[in-house]
Amino acid sequence: MAHFWLTPLMSIEPLVLGAERFKCEPELELAELRQKLDAVHPWLLPLFKANLLLADEETESCGNDNEELTLSLAEAEDIVFDGQPFVLSHCADNFLERILTIEQTEHLLLAVRNTVNELWTPAQKQWLRRIEEWNAARCEVIIVREEEY
């Protein structure tokens, strides 16, 4: 089962996943939101898999199978990828290079809000408000998919 976390990026270098992130439920409404936003721009609310954030330094691959070093998005604290203990994978680094600027996101969200506001569910409106608040605080926003094993 997967969990989807709306996540502010407090910093890109080093990457800091903000403690204010929260799980988006119901998942169907999140899927609908992402589909609507993707129609405007495919990188408006990008998704990245949590298990690919960590680097495996031994194999230089994306993802880390080290059970001693796990990433838990449910913990209410910032997650910092500064090498102590988390090292950002090259896949995640490449992903971050492609995300939209805050200004681009703000512009696109304003257009979305003005054209289809009546189509949003209450949960989707809440998520959009949080994205706008985090953008106003100069944070990019992504969805992080966390697999439950």
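When the options Ile12, Asp93, Leu54 are evaluated for a side chain to side chain contact (heavy atoms under 4.5 Å, CB included) with Phe81, the one that passes is Leu54.
In this structure, Ser72 and Ile79 approach most closely via the heavy-atom pair O-CD1, 3.7 Å. In terms of heavy-atom proximity, Trp120 sits nearest to Leu128 at CE2-CD1, 3.5 Å. Residues Glu146 and Leu73 share a closest heavy-atom pair of OE2-N, 3.2 Å. Counting all heavy atoms, side chain and backbone alike, Glu27 lies closest to Ala2 at OE2-O, 2.8 Å. Between Leu6 and Arg130, the shortest heavy-atom contact is CD2-CB, 4.3 Å. Nearest heavy atom pair, residue Thr105 against residue Leu44, reads CG2-CD1, 3.9 Å.
Between Glu132 and Arg129 there is no salt bridge, since no side-chain N of the basic residue sits under 4.0 Å from a carboxylate O of the acidic one. By the 4.0 Å N-to-carboxylate-O rule, Glu103 lies close enough to Arg138 to be salt-bridged with it.
In this structure a side-chain-to-backbone donor-acceptor pair under 3.5 Å is present from Arg21 to Glu77. Side-chain N or O atoms of Gln124 include one that pairs as donor or acceptor with a backbone N or O of Glu29 at under 3.5 Å. Under a 3.5 Å cut-off, the side chain of Ser89 and the backbone N or O of Leu52 do form a donor-acceptor pair. Judged by distance alone, with hydrogens and angles left aside, the side-chain atoms of Asp82 form a donor-acceptor pair with the main-chain N or O of Gln84 at under 3.5 Å.
More than 12 heavy atoms of other residues, nucleotides or ligands lie within 6.0 Å of CD in Glu97, so this atom counts as buried by the packing criterion.
Side-chain contact, Trp43 with Gln104: no donor N or O sits under 3.5 Å from an acceptor N or O.
In this structure, the side chains of Leu17 and Leu9 come closer than 4.5 Å at one or more pairs of heavy atoms. No side-chain heavy atom of Pro14 sits less than 4.5 Å from a side-chain heavy atom of Phe86.
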Would Phe4 and Leu47 count as a side-chain contact (heavy atoms from CB on, under 4.5 Å) if you check the C-alpha gap in whole Å, the side-chain angles of each, and the deciding distance to 0.1 Å? CA-CA 9 Å; Phe4 298 87; Leu47 180 142; 3.7 Å; yes
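Hydrophobic cluster membership for Ile102: none, as no Ile, Leu, Val, Met, Phe, Trp or Tyr side chain comes under 4.5 Å of it.
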